[in-house]
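We count ligands from 1, going down the list as the structure has it; atoms in each ligand are counted the same way.
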Amino acid sequence: MTITVPETRGKLGRVKLIGSGWKPVSMVDVYNSVTFTLWLCGCNLRCPFCHNWRLAINDIHLCHRIDVGKLLEDLGSAKPLIDYLHITGGEPLTQYRGLMELLTYVRDSIGVDTSINTNFTLYKPLEKILGENLVDHLATDLKIPYHLLYGYSENIAGKLWRLYLKTLSLVAEYNTPLELRIPVAKGIDLDEYVKYGGQAIKQLEKHSRFYIIIQPLLGPPITTPRNEEWCREYCDPGEDELDRVAGVFKKLGVDKIIVRKTLSLG
Ligand code: SF4
């Protein structure tokens, strides 16, 4: 199926989205799924390990206005091959107005399921997207401990963590399929996973369609993190640490846990 450029340009020419581009077929961005992946720019967090930090800070050498007509034309062509249009970044919800227009068009005129990778700290925009039935799958990191991984002071990070928990609870109400990714940092006390993991999983008591992916935070040369010094201290945990974190979530009652000992970067 091909979407004609004049049609999409007419309806969506005004949609403003800033991103770095898209990949028509990807096997690594959503577990067990084939996606058409779009990267958008901007983010409200400052995670020190972030390997997409240049997108997060809207680097003008990478980020530009997306040609939405061309994007939809490519999406129409890829439709038979993919499970989702997966939108990641950066933090896609920082551009939620344009994002909602795009999602509405994709749902109503192309008929491809959609997936968003978001940090779950922008509650209101996600509430609107869920309320309008515009997303079929979500992915988010469960960053433990949040005060180390969000890149903010304890006070600000604490507020963001409460928003994160509130968003988890919202997603549980909708029972939207959820990929909960746990990026494991080196040398973190397991009690932190028990404490904060327990708070997170409690929000998902009524959610029957989530799964956990446990994966290492990887540093150079595999990634180019925002803060290399931070990464020297906390990146590249041992495989045994991943297994121990998996054990914590098993004890917390999670059925579906996938441990990825090497990371595929999206
Ligand atoms: S890891 Fe994600 S949430 Fe954190 S700064 Fe990077 S894009 Fe933002």
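- Contact annotation for E91 and ligand 1: no heavy atom of the residue comes within less than 4.0 Å of the ligand.
- Contacts between C47 and ligand 1 below 4.0 angstrom, taking non-hydrogen atoms only, involve backbone and side chain alike.
- Scanning all protein heavy atoms for the shortest distance to atom 8 (Fe) of ligand 1 gives C43 SG, 2.3 Å.
- Under the 4.5 Å side-chain heavy-atom criterion for ILVMFWY residues, a single connected hydrophobic cluster contains both V68 and L38.
- Both L126 and W161 belong to a single network of hydrophobic side chains, linked directly or stepwise wherever heavy atoms of I, L, V, M, F, W or Y lie under 4.5 Å apart.
- Residues E101 and R14 are paired through a salt bridge, judged by an N-O separation under 4.0 Å between the basic side chain and the carboxylate.
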For this session: I would like to know whether C50 and C43 meet disulfide (SG to SG under 2.5 Å); could you show each step before the answer?
Result: CA-CA 11 Å; C50 181; C43 185; over 6 Å; no
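- Here Y211 and Y31 bring their ring centres to under 6.0 angstrom of each other.
- Not one N, O or S atom of H51 sits under 2.8 Å from atom 6 (Fe) of ligand 1.
- A perpendicular orientation is assigned to the rings of H147 and Y196, their planes being inclined by more than 60° (bins at 30° and 60°).
- In summary, the atoms of ligand 1 found under 4.0 Å from a heavy atom of N119, numbered by their order in the structure, are 3 (S).
- Taking atom 6 (Fe) of ligand 1 as the reference point, the nearest protein heavy-atom neighbour is C50 SG, 2.3 Å.
- Only the side chain of K143 comes within contact range of ligand 1, with a heavy atom under 4.0 Å; no backbone atom does.
- The protein heavy atom nearest to atom 5 (S) of ligand 1 is R226 NH2, 3.4 Å.
- Taking a cut-off of under 4.0 Å to the non-hydrogen atoms of G90, the atoms of ligand 1 that pass are 7 (S).
- Cation-pi check for K166 over Y123 is met; the charged atom lies under 6.0 angstrom from the ring centroid and within 45 degrees of its normal.
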